[in-house]
Undergrad: 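The structure's right below; bear with me while I get my questions together.
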2 protein chains.
Amino acid sequence: MAEKHQLTLKDIARELGLAVSTVSRALKSHPDISDETIKLVKDYAKEHHYVPNLLAVNFRKSKTFNIGLVIPELVHQFFSTIISGVLQEANDKGYNVLICQSNEKLSDEKKVAQALLNSRVDGVIISLSNETEDYSHLKEFLDAEIPVVQVDKIIEGFDTPKVVVNDYSGAYQAVDYLIGQGYQKVAHLRGRLIVQHSNERHRGYAEAMEQHKLPIKEDYIRICDLQTEKEGYTYAREMMNLPEPPDAIFCVTDLVALGVMEYLREKNIKVPEEVGVIGFSNWQLGEIIRPTLSTVHQPGFELGVKATELLLDKINNGSSSPNIKVVLDADLIIRDSVRKL
Amino acid sequence: MAEKHQLTLKDIARELGLAVSTVSRALKSHPDISDETIKLVKDYAKEHHYVPNLLAVNFRKSKTFNIGLVIPELVHQFFSTIISGVLQEANDKGYNVLICQSNEKLSDEKKVAQALLNSRVDGVIISLSNETEDYSHLKEFLDAEIPVVQVDKIIEGFDTPKVVVNDYSGAYQAVDYLIGQGYQKVAHLRGRLIVQHSNERHRGYAEAMEQHKLPIKEDYIRICDLQTEKEGYTYAREMMNLPEPPDAIFCVTDLVALGVMEYLREKNIKVPEEVGVIGFSNWQLGEIIRPTLSTVHQPGFELGVKATELLLDKINNGSSSPNIKVVLDADLIIRDSVRKL
DNA sequence: CTGAAAGCGCTAACAG
DNA sequence: CTGTTAGCGCTTTCAG
């Protein structure tokens with residue numbers, strides 16, 4: 001598909017009786033060029049709808065103005081919110097974004113990483129898959145001097161800028177709030193032990209309890225391997241059947257909280273009067289169910305924006321830009337699943 | 001950031017005492033080149049990790065292997081599912097995808113269209129914003145001989161390949177099923193009159209009713225301008241307070257259906273025994289609420305795949321590929337909000 | 001079967 | 001202030 005002949009610098013130069021380089025410089029308002037010539041060229045260019053051939057420019061500058069974004073899943077509220085932030089910041093700064101999914105699989109992550117490498121992106125933002133435990137496949141980017149920024153799901157030991165959410169403080173706030181509202185026997189449905197997010201949330205829970213001198217009972221903690229509604233339901237049942245059931249449940253995820261609420265409704269245990277519930281993630285569903293779900297909001301959009309800022313800084317300022325780690329705060333969102341004093 | 005010097009054809013040619021053109025051809029196993037030379041070159045290339053400079057290749061071929069995708073919103077289950085399909089098919093065929101959001105605004109749509117045009121993408125897939133009523137801003141693509149494919153939200157008069165969901169048949173199936181389960185007084189909370197999706201769904205509703213010789217009462221139809229939960233709630237109340245309330249409600253969207261179910265629960269009207277409810281879209285929430293929501297599933301992923309297939313065909317076969325319109329069927333998903341006979 | 005050479009459109013060093 | 005020139009890495013005639 002040959003395009004209709006696109007106007008080139010050469011064409012303009014010929015028509016205007018100038019040199020190609022003069023035209024090139026004039027279009028960028030180079031100080032060397034007289035205002036007169038600049039105007040002449042720009043007017044001509046505008047009139048004839050001159051569009052620089054980006055392919056040529058990029059080739060010349062060996063820059064694509066494309067950045068790669070690797071995320072575990074696209075159809076996912078949190079991740080798509082991150083993407084949204086990345087897009088906004090990148091487009092704003094004249095960069096395009098190539099999005100790839102790893103489908104939470106290491107093998108796919110490796111595949112797309114290779115593809116991005118071949119596409120010669122100017123930089124990469126990545127949120128690691130659940131299966132990823134080392135970063136050998138990502139070192140290639142650094143070897144090729146393509147900057148990488150890690151976001152949300154990261155490997156500490158991989159020396160790049162990082163942007164994460166403060167799970168610890170989000171969890172602390174949630175539990176602290178529960179206790180402040182008079183709940184005393186707070187349980188925690190946590191995530192897997194090897195997942196950093198889960199550990200941080202658990203730490204927030206534990207420290208809030210300690211701070212208030214409340215005991216942390218073994219029985220009040222369950223591990224949700226899959227973080228599904230079903231697990232929430234099951235563990236809620238287990239705990240509510242304890243001799244001394246909890247009066248509040250802090251869940252590692254909204255979906256788990258949903259399962260909890262469902263069990264409680266079935267058993268006619270009133271939320272928030274008898275049992276308070278707080279989730280984590282701030283999914284849309286939290287506003288939709290009744291009672292509405294209190295939760296911890298993770299600033300996905302800001303995460304995406306910040307990661308992009310760090311990446312573009314790396315791209316443009318190279319090694320002079322340090323590998324900082326940015327920790328964004330999570331906000332407690334108070335809805336009806338916790339009683340108000 | 002100068003990259004560590006990348007191996008080029010020239011380097012290989014020099015090392016091997018060959019001409020650049022020979023190396024180039026050898027790497028593509030050109031029939032002119034002797035097997036011997038081919039092996040020599042390929043081995044050398046592999047050993048030294050030769051990676052062709054895509055920037056140069058693209059420039060030469062004036063092809064970017066990038067396609068643009070313009071969608072109204074990214075943080076949206078249906079659209080992100082479409083994107084997912086596009087990504088899969090495009091990546092599979094060696095294309096990257098540049099994703100842009102129009103935020104349902106014509107002004108943004110124009111802006112990103114211009115950006116894509118400048119990026120010299122090889123083709124564009126677009127799902128129009130709600131505000132878009134003409135396609136003057138998109139004609140530029142065709143003028144520049146950049147193929148366009150429309151998906152889901154389309155303008156009929158804009159002559160490009162199109163991929164859409166059969167809203168009509170989805171709606172028809174839903175209402176037909178309701179009637180088959182013994183509901184007789186079926187109401188419809190529809191979308192706006194100027195939106196094609198809404199009209200098609202309404203048509204499906206109307207024809208199913210007619211087919212079964214059931215009357216379509218004015219009172220049983222309401223227009224949801226925003227398609228929110230609140231509207232569902234409000235109109236459900238209005239209708240259930242009619243002298244002769246409906247015994248089933250078919251909603252233009254799951255969210256509206258949710259509002260309906262909420263009202264019914266509040267009033268202790270049993271779903272599905274007293275009133276049956278069907279939504280449209282198959283959002284995740286439908287599986288989560290109780291009773292689970294019957295709905296019509298729109299094949300977003302397939303939509304994305306098909307649109308990409310059509311686009312790549314256009315890109316590679318140009319005008320010999322006709323501007324067909326593909327209509328994908330929507331599937332009725334039966335859950336607990338409709339009684340089973 | 002292989003090599004030499006031109007050129008894609010643009011930028012930038014150098015020379016007036 | 002402007003023009004000349006070289007060259008980015010690759011593909012592709014055209015000649016051997």
Side-chain angles (χ1 to χ4, degrees), chain A residues 1-42 44-45 48-65 94 117-120 122 144-145, chain B residues 1-42 44-45 48-65 94 117-120 122 144-145:
Chain A
M1 290 226 340
E3 308 205 349
K4 202 177 300 182
H5 177 68
Q6 277 284 348
L7 199 63
T8 71
L9 288 186
K10 211 191 209 168
D11 297 326
I12 301 182
R14 184 170 15 80
E15 288 306 314
L16 260 35
L18 292 168
V20 175
S21 54
T22 307
V23 176
S24 169
R25 278 175 293 207
L27 286 172
K28 329 192 139 46
S29 307
H30 192 288
D32 276 0
I33 308 292
S34 72
D35 291 354
E36 216 177 349
T37 310
I38 291 185
K39 181 163 167 27
L40 179 71
V41 172
K42 284 200 172 171
Y44 185 94
H48 294 77
H49 305 105
Y50 168 72
V51 181
N53 183 337
L54 267 206
L55 253 28
V57 176
N58 292 349
F59 169 49
R60 233 357 277 268
K61 301 195 170 157
S62 51
K63 230 188 128 163
T64 57
F65 288 95
L117 210 46
N118 289 338
S119 300
R120 277 198 158 55
D122 295 340
E145 299 194 41
Chain B
M1 291 227 340
E3 308 205 350
K4 203 177 302 183
H5 177 68
Q6 277 283 346
L7 199 63
T8 70
L9 289 186
K10 211 190 206 167
D11 297 325
I12 302 182
R14 185 172 10 82
E15 289 307 314
L16 261 35
L18 291 169
V20 174
S21 52
T22 306
V23 176
S24 169
R25 278 176 293 211
L27 286 171
K28 329 195 140 45
S29 307
H30 193 287
D32 276 0
I33 309 294
S34 72
D35 291 353
E36 215 178 349
T37 310
I38 292 184
K39 184 165 164 29
L40 180 70
V41 172
K42 285 198 172 173
Y44 185 93
H48 294 76
H49 305 105
Y50 169 72
V51 180
N53 183 337
L54 266 206
L55 252 29
V57 175
N58 291 348
F59 170 48
R60 231 1 278 268
K61 300 196 171 158
S62 50
K63 226 186 132 165
T64 57
F65 288 95
L117 210 47
N118 289 338
S119 301
R120 277 199 158 54
D122 295 340
E145 299 194 41

Undergrad: Let me spell it out: for each of Lys10(A) and Lys61(A), pick the nucleotide of DNA chain C with the closest heavy atom. Which residue's pick is nearer the 5' end?
TA: Lys10(A)
Undergrad: Would you compute the distance between atom CG of Leu9(B) and atom CG of Leu27(B) and round it to the nearest 0.5 angstrom?
TA: 6.5 Å
Undergrad: Rounded to whole Å, please give me the gap between CG in Leu54(B) and P in dC10(D).
TA: 10 Å
Undergrad: Between C1' on dG7(D) and CZ on Arg60(B), what's the gap in Å once rounded to a whole number?
TA: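 Rounded to whole Å, this separation is 15 Å.
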Undergrad: Looking only at side-chain atoms of Val57(A), point me to the closest of dT11(C), dC8(C), dC8(D).
TA: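 Nearest nucleotide to the side chain: dT11(C).
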Undergrad: Take the protein atom CD of Glu36(A) and the nucleotide atom P of dC1(D), then report the distance between them rounded to whole Å.
TA: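 One finds 10 Å between P of dC1(D) and CD of Glu36(A), rounded.
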Undergrad: Any non-hydrogen side-chain atom of Ser62(A) less than 4.5 Å from a side-chain atom of Arg120(A)?
TA: no
Undergrad: State whether Tyr50(A) places a side-chain N or O below 4.0 Å from either non-bridging phosphate oxygen (OP1 or OP2) of dC10(C).
TA: yes
Undergrad: In whole angstrom, give the distance that lies between atom CZ of Arg120(B) and atom C1' of dC8(C).
TA: 12 Å
Undergrad: State, yes or no, whether a side-chain contact exists between Ile12(B) and Glu15(B) at a heavy-atom distance under 4.5 Å.
TA: no
Undergrad: How long is the line joining CG of Leu9(A) and P of dA6(D), in whole Å?
TA: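 Going from CG in Leu9(A) over to P in dA6(D) covers 19 Å.
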Undergrad: May I ask you to evaluate whether Ser62(B) reaches the phosphate of dC8(C), defined as a side-chain N or O under 4.0 Å from OP1 or OP2?
TA: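 For dC8(C), neither OP1 nor OP2 has a side-chain N or O of Ser62(B) closer than 4.0 Å.
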Undergrad: Give, for atom CG of Asn53(B) and atom CZ of Phe59(B), the distance between the pair rounded to the nearest 0.5 Å.
TA: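 If we round to the nearest 0.5 Å, Asn53(B):CG and Phe59(B):CZ are 11.5 Å apart.
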Undergrad: Nearest 0.5 Å, please: how far is CG in Leu16(B) from OG1 in Thr22(B)?
TA: 10.5 Å
Undergrad: Between Ala56(B) and Thr37(B), name the one whose nearest nucleotide on DNA chain C is closer to the 5' end.
TA: Thr37(B)
Undergrad: What is the distance from CG of Asp11(A) to P of dC8(C), rounded to the nearest Å?
TA: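 Checked: the CG to P distance equals 10 Å.
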Undergrad: Of the listed nucleotides (dC8(D), dC1(D), dC10(C)), which one gets closest to any side-chain atom of Phe59(A)?
TA: dC8(D)
Undergrad: Round to a whole Å and report the spacing from CG of Asn53(B) to P of dC8(C).
TA: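 The distance from CG of Asn53(B) to P of dC8(C) comes to 19 Å, rounded to the nearest Å.
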Undergrad: Which donor-acceptor pairs under 3.5 Å do the side chains of residues 33-40 of chain A make with protein atoms, sequence neighbours left out?
TA:
from	atom 1	to	atom 2	distance (Å)
Ser34(A)	OG	Thr37(A)	N	3.2
Ser34(A)	OG	Thr37(A)	OG1	2.8
Lys39(A)	NZ	Asp43(A)	OD2	2.6

Undergrad: Hey, is the main chain of Ser21(A) close enough, under 3.5 Å, to the side chain of Arg25(A) for a donor-acceptor pair?
TA: yes
Undergrad: Roughly, in whole Å, what's the span from CG in Leu7(A) to C1' in dC10(C)?
TA: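 These atoms are roughly 14 Å apart.
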Undergrad: Scan residues 21-33 of chain B against DNA chain D and write down, sorted by residue number, each residue with any heavy atom closer than 4.0 Å; if none is found, say none.
TA: Ser21(B), Ser24(B), Arg25(B), Lys28(B)
Undergrad: Counting side-chain heavy atoms from CB outward, which of dC8(C), dG3(D), dG7(D) is closest to Leu18(A)?
TA: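 Ranking dC8(C), dG3(D), dG7(D) by closest atom to the Leu18(A) side chain puts dG3(D) first.
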